[in-house]
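Worksheet: the structure to be examined is printed underneath.
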Amino acid sequence: MERAIGVFDSGVGGLTVVNSIRSLLPNENIIYIGDNYHCPYGDKTPEQLFSYASGIVEYFIEQNVKMIVLACNTTSSTVLDKLQAVYSNMTIIGVIDATVDDFINRNVDNTLIIATAATIKSNKYPDTIKKINPHITTYSLATPKLVPLVESGMYKEGIYEVLHEYFDSYAGKIKSIILGCTHYPILKEQIKRVLPNIEYISSSEAICKNIKEILESKNLLNTQPNKYIKIYTTGETDEFRYSSSGFFDYTGLKVEHIIIK
Ligand code: DGL
């Protein structure tokens, strides 16, 4: 029960998932890895993504974690099945199914799925939605400029020019938006100013319910107060901390560098 949950993403984006875990499951110990050395993941091939993800999964297995969360839509939509097949003794989950469930439960049609180029190319979101209800109208849009703007911290100055360029043509046309990249909830308030009065579905929040259900079913929820949250980046610790300060609470926590083989 006290074993940690291993969580990873290409950078600071997956910390939005850690935020959700901290509020829904505050007892859980967490080890987080931001793979900034390879960031962004969105322009990588499935072969590259599998190689990065399997290195991290193996590290987590060495650390004896109780489950691994792909806090990343890009790896969830491209290499999750393969990771689950190769590391079949470990519980490994991704964000797509939980996000689609959340979307379906809200009964809102006309949705815009925004995600990285690799996630959009995989068609995983529209395919999963249409398997459940083929009549739902979906639009898919790759928004590759957003992750670098978050990772560089430039989003803090406001990035409305880019948001208008991406979203103006959807205003009035959609009733909901799926933030299909864990970096995007960081931009939610800014996106809301360009696309107001629609429903926002976030993969970072949706996944947490799923984590809780799985741990509950295996009787693995930690009943003791947590002892640690470890945050690692394969990139520069100062940059990582700068771009995530503002949406992530570092009280009592530090960011450490890690090399993944
Ligand atoms: N935050 C990740 C995702 O949800 C990866 C983004 C990227 O590195 O391109 O897709």
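Small disclaimer: the values here were computed from a predicted structure and weren't measured. When a ligand or atom number is given, it counts from 1 through the structure's own listing order.
- Of all atoms in ligand 1, numbered sequentially from 1 with element shown, those under 4.0 Å from a heavy atom of S10 are 5 (C), 6 (C), 7 (C), 8 (O).
- Considering both main-chain and side-chain atoms, C72 never comes within under 3.5 Å of ligand 1 through any nitrogen or oxygen pair.
- Heavy-atom distances between G13 and ligand 1 stay at or above 4.0 Å for every pair.
- The distance criterion of under 3.5 Å between nitrogen or oxygen atoms is not met by T119 with respect to ligand 1.
- Comparing T116, V12, D43, L146 by heavy-atom distance to atom 6 (C) of ligand 1, the nearest is T116.
- Aromatic rings from F248 and Y250 are positioned such that their centres are separated by under 6.0 Å.
- Classification of the H164-Y160 ring pair by plane angle, with boundaries at 30° and 60°, yields tilted.
- Proximity to T74 (heavy-atom distance under 4.0 Å) selects the following atoms of ligand 1: 3 (C), 5 (C), 10 (O).
- With values rounded to the nearest 0.5 angstrom, I21 atom CD1 is found 13.5 Å from K212 atom NZ.
- In this structure, F8 and F60 have tilted ring planes: the angle between them lies in the 30° to 60° band.
- Residue L141 is not grouped with residue Y41 when hydrophobic side chains (ILVMFWY) are merged at heavy-atom distances under 4.5 angstrom, including chains of intermediate members.
- Given atom 9 (O) of ligand 1, the protein heavy atom at minimum distance is G42 N, 2.8 Å.
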